[in-house]
Amino acid sequence: MTQKAVAAAAAAAESTTAMRKDNVNIYKQTATPDETPILIKNKLAEFELALDDVGDKEKRCYLMAKEKGPDECNDAHKLIFLRCEVFEVDRAAARFVKYWEARVAVFGEDKAFLPLAVDGALKDDMESIE
């Protein structure tokens, strides 16, 4: 690394540190809450209520997943969607429902509810993987 590159990296690091000290959110991102067990428990409960509010026709693929592949619909999986939407429950639930629609569209009803692994939904797609 040249001296110029080292100086530029040091200046960038110093600038980033200064921004963090001032608590400036230059990217306008939503602050992530502290993930306490209580927050997670409450948000998962709210997530379930939000899913209950979605019509059966809209969440048809999710209902099939819940029946055919319940391990793919567990709380850990739902937590991924809550984190993605910074614990905004309605947005996370909508994303979750769309996820299952897309997964069924891509893999079909025979494979969509298997784990997304080489020995699961991707079993017959080795040519695509390689």
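Values below: every heavy atom of this structure, side chains too, minus hydrogens, waters and symmetry copies. This one's a predicted model, so the numbers in the text were calculated from it and none came from an experiment.
Lys59 approaches Leu51 most closely through the heavy-atom pair NZ-O, 2.7 Å. When all heavy atoms of Leu82 and Leu44 are compared, the pair lying nearest together is CD1-CD2, 3.8 Å. Nearest heavy-atom pair across Val86 and Pro33 is CG1-CD, 3.9 Å. Between Glu101 and Glu58 the shortest heavy-atom distance is OE2-O, 3.1 Å.
Remark: Arg103 engages Glu72 in a salt bridge, criterion side-chain N to carboxylate O under 4.0 Å. Salt bridge present: Lys43 and Glu46 bring a charged side-chain N and a carboxylate O closer than 4.0 Å.
Follow the hydrophobic side-chain contacts under 4.5 Å out from Ile38 and you never reach Phe87; the two are in separate clusters. Note: the hydrophobic cluster containing Val54 does not contain Leu49 (ILVMFWY, side chain heavy atoms under 4.5 Å, direct or indirect links). Cluster annotation: Ile40 and Ile80 are assigned to the same hydrophobic cluster (Ile/Leu/Val/Met/Phe/Trp/Tyr, side-chain heavy-atom contacts under 4.5 Å, transitive).
For an aromatic pair to be called close, the ring centres must be under 6.0 Å apart, and Tyr99 with Tyr62 fails this.
Residue Met64 is tested with Lys66, Arg60, Glu67 for a side-chain contact (heavy atoms from CB on, under 4.5 Å); the sole match is Arg60.
Interatomic distance, Phe47 CZ to Phe96 CZ, rounded to the nearest 0.5 Å: 5.0 Å. Atom-to-atom distance recorded for Cys61:SG and Lys98:NZ is 13.5 Å, nearest 0.5 angstrom. Summarising the geometry, atom OG1 belonging to Thr32 is positioned 10.5 Å from atom CZ belonging to Arg83; distances are rounded to the nearest 0.5 Å.
Checking side-chain atoms of Asp53 against main-chain N and O of Ala50 turns up no donor-acceptor pair under 3.5 Å. Judged purely by atom type and a 3.5 angstrom limit, Asn74 uses its side chain to pair as donor or acceptor with the backbone of Ala76.
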